[in-house]
There are 2 protein chains.
Amino acid sequence: MTGKQFTSVWVREPRKPASPGRSREEIVRAAVEMLDEEGLSGLSMRKLGAKLGAGATSLYWYVAHKDELLELVYDEVWSEMIAPDPGRVGWRDSVSAVAHGMRQAILRHPWSADLIGRLPALGPHAMLVADRMRKMIKAAGFTGKEVDFAISTLTAYVFGMTIPEIAWNTAMGDRYDADEMRAVVTRAAAGHPDMLERIDMDTYDDPRAIREMCFDFGLVSLLDGLERRLAT
Amino acid sequence: MTGKQFTSVWVREPRKPASPGRSREEIVRAAVEMLDEEGLSGLSMRKLGAKLGAGATSLYWYVAHKDELLELVYDEVWSEMIAPDPGRVGWRDSVSAVAHGMRQAILRHPWSADLIGRLPALGPHAMLVADRMRKMIKAAGFTGKEVDFAISTLTAYVFGMTIPEIAWNTAMGDRYDADEMRAVVTRAAAGHPDMLERIDMDTYDDPRAIREMCFDFGLVSLLDGLERRLAT
DNA sequence: ACCTGAACACCGTTCAAGT
DNA sequence: ACCTGAACACCGTTCAAGT
């Protein structure tokens, strides 16, 4: 009678402990490779099958459907987000390290940006990261619901900073042209004089460096704000 | 010789000032409707054509390709993010209002979460929101690059908080079952004792209320942190 | 100037059939 | 237990042809 609403790879057992033929790990590894090379729209079950020297539909024995495969590769990205153990370094430093690690992992696998809004992060690696963060936040002094709130706030910041960054990267293609970018933004900002002052700033000359600065600015602000919660 | 890297609806003229047949506005409106009802994967050019009583491919006269249509509908979401003019209310209040407005607009149109990582926000409505925010941030006292940084930080927070929220909503389907959710999370958190303490908390009984609290907690923290930047 | 239909090269997924 | 191929119901996009 309790209708199963929630479906996910993580709530059903894998087919077999160890299979002789292809394996889930092999498939996931190949999928990540394909995604890194061709992006989310470049991944198809048929092409992935071909890449593994298998028939177009044989992957369906290991994976219920494409979405399940995506859950698997998504957690693979989380596996690269793991920061060093809390250790003796202060909570601000460890949290900053995770934050930077998360951003870098997403930037390395831009297709993952699309998955954040599509799949809850329930995989084992996501859980490990969450657990580490939890320890850091508790070490900082947070208690009760505020532990969850602080974690959510921090990951929200990292995701929110990184996801639109990827939109820009992919929209601009491989090569970056500062002048073209200035032209695009100038055109878009037409009619908003306040925004135009941005254009002749050096912001567009080295976007990567600026983004790092921006990320750090926001992170420091957020950490300061969280610290203030602890004082009261 | 300058290779066109950057393509977007916003950098090319629309076909015609006013056409007698179908119009871009009509198409965009129908697309938003379809997206609200069926989600991003439910929108196809063919079905949209049919909905408008047109042949499967006639939309291609108004829109270069599907991605361009998505840019258009994306900006439509931004049009719902507009907050009241700065007015005499303090910068913290106006910024909070925009933040909540942005979150609500995205929640109303969950498909937009996927677009944030795919399309730079360059449409006229996105620009208007950015312009308003810029005025608020300047009124707060920020100058130079920090104006941009503060804006980016705030929108990052809102996006990052809302995007995974949508992942949860869609994964859980229409009806929410607190016990099922607790079971799912318990299972995922197996092996992380620190995380399990979360389960018996009342967190899952009214997720909507908790999320609001969480959003406010993070927003206040962030605003406090930004305010600290101004002091130094 | 606008719309159509057929056609091309793809998709995810199911399922009976093979080994 | 694992893999295959054919088949179904879709996609986005191009383009010659119509009005």
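A, B, ... follow the sequence lines: proteins, then strands. Residue 1 opens every chain.
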By nearest-nucleotide position on DNA chain D, the 5'-leaning member of B/K66 and A/S58 is A/S58

Any side-chain N or O of B/T57 less than 4.0 Å from the OP1 or OP2 oxygen of C/dT4?
no

Whole-Å distance, B/L43 CG to C/dC11 P, equals 20 Å

In whole angstroms, the gap separating P of C/dA1 from OH of B/Y60 amounts to 22 Å

**Asked** Is there a donor in the side chain of B/D36 and an acceptor in the side chain of B/W111, or the other way round, less than 3.5 Å apart?
**Response** yes

Check your understanding: Are A/Y60 and A/H65 an aromatic pair by the rule of ring centers under 6.0 Å?
Key -> no

Rounded to whole Å, NE2 of A/H65 lies from C1' of C/dC11 at a distance of 16 Å

Distance col, row A/F217:CZ vs B/D148:CG, nearest 0.5 angstrom, shows 10.0 Å

| So do A/E80 and A/H125 actually touch side chain to side chain, heavy atoms under 4.5 Å? | no

A correct dot-bracket answer for DNA chain C, with pairs being Watson-Crick or G-U at under 3.5 Å, [ ] for crossing pairs and | for inter-strand pairs, is ||.|||||...|||||.||

Rounded to whole Å, CE of A/M45 lies from P of D/dC10 at a distance of 20 Å

- Task: Could you measure between the two C1' atoms, the one in C/dC3 and the one in D/dC15, and give it in whole Å?
- Result: 13 Å

Do the side-chain N and O atoms of B/R208 and B/N169 include a donor-acceptor pair separated by under 3.5 angstrom?
no

From CG of A/L59 across to C1' of C/dG12 the rounded distance in Å is 12 Å

- request: May I ask you to say what A/L52 touches in the nucleic acid, namely base, sugar-phosphate or nothing, with a heavy-atom cut-off under 4.0 Å?
  value: nothing

- Report yes if some heavy atom in the side chain of B/V77 is under 4.5 Å from a heavy atom in the side chain of B/R108; otherwise report no. no

From CH2 of A/W61 across to C1' of C/dG12 the rounded distance in Å is 20 Å

To the nearest angstrom, the CZ-C1' distance between A/R46 and D/dC3 comes to 16 Å

Side-chain N or O of A/Y62 closer than 4.0 Å to phosphate OP1/OP2 of D/dC2:
no

B/L48 CG to D/dC10 C1', in whole Å, measures 16 Å

Any non-hydrogen side-chain atom of B/V73 less than 4.5 Å from a side-chain atom of B/L43? no

message = Once you apply a heavy-atom cut-off of 4.0 Å, does A/A54 come out as touching a base, just sugar-phosphate, or nothing?
response = sugar-phosphate

